[in-house]
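This one's a predicted model, so the numbers in the text were calculated from it and none came from an experiment. In the text below, chain A, chain B and the rest are named by the order of the sequence lines, each starting its count at 1.
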Amino acid sequence: MRTTDTLFERVWSVAAKVPRGKVTTYGAIARVLGSPGAARTVGWAMRAAPVGSELPCHRVVNAAGELCPEDTFGGPGVQRSLLESEGVTFDVQGRVDMKRHLWIP
DNA sequence: GCCGTGACGATTC
DNA sequence: CGAATCGCCACGG
């Protein structure tokens, strides 16, 4: 029994562990948490994530390495800018280089 | 206990 | 290749 009863807090906990310059995927987090099919719930946790926390939700991308809708982070290109600022490289298609930055706990 | 929702994933057409 | 659909799970009301 831990303070993190809900998946939400678990997701946040894992996402918060993502090292700078790395990224993870919703499905990967869900899988690590023990619910490989709860990728959607993970994304929901990000969306419901408390603003003001140190949760680097911008380091979490989908399985394709694509960032979620640009406007989702409050502005177009915001997430990408943050990742680039952390040293994350992008594919020509605008996707994160999973081979170099995919990180899983 | 059912319904609606959702920043996904994979498959199919 | 592009778009659309279904399926999955978890939380809130």
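- Comparing Ala38(A) and Asn62(A), the nucleotide of DNA chain B nearest to each residue sits closer to the 5' end for Ala38(A).
- Distances shorter than 4.0 Å separate none of the side-chain N or O atoms of Thr41(A) from OP1 or OP2 on dC8(B).
- Annotation: side chain of Val96(A) is in contact with side chain of Phe90(A) (closest heavy-atom distance under 4.5 Å).
- Taking atom CZ of Arg10(A) as the reference point, atom C1' of dC9(C) lies 13 Å away to the nearest angstrom.
- One atom, CZ of Arg47(A), and another, C1' of dA7(B), lie 8 Å apart when rounded to the nearest Å.
- Between the P atom of dC9(C) and the CZ atom of Phe8(A) lies a distance of 16 Å, rounded to the nearest Å.
- In this structure, Leu7(A) atom CG and dG12(C) atom C1' are separated by 14 Å, rounded to whole Å.
- For Ile29(A) and dG6(B), the CD1 to P distance is 20 Å, given to the nearest whole Å.
- The 5' end of DNA chain C is approached more closely, in terms of each residue's nearest nucleotide, by Ala39(A) than by the other of Trp44(A) and Ala39(A).
- For Arg40(A) against dC9(C), no side-chain N or O and base N or O form a donor-acceptor pair under 3.5 Å.
- Rounding to whole angstrom units, CZ of residue Arg80(A) and C1' of dA7(B) are separated by 18 Å.
- Put simply, CE on Met98(A) is 13 Å from C1' on dG9(B), counting in whole angstrom units.
- Heavy-atom contacts from other residues, nucleotides or ligands closer than 6.0 Å to CD of Glu66(A) number more than 12.
- Among residues two or more places apart in sequence or in another chain, the side chain to side chain contact (heavy atoms under 4.5 Å, CB included) test is passed with Ser85(A) by none.
- The closest side-chain heavy-atom distance from Trp103(A) to Pro19(A) is below 4.5 Å.
- Atom CZ of Arg80(A) has more than 12 heavy atoms from other residues, nucleotides or ligands within 6.0 Å.
- Using a 4.0 Å cutoff on non-hydrogen atoms, the parts of residues 65-73 of chain A near DNA chain B are Cys68(A), Thr72(A), Phe73(A), ordered by number.
- Atom CZ of Arg31(A) and atom P of dC8(B) are 18 Å apart (whole Å).
- A heavy-atom distance below 4.5 Å is not found between the side chains of Thr24(A) and Val14(A).
- Side chain of Glu86(A) to backbone of Arg20(A): no donor-acceptor contact under 3.5 angstrom is found.
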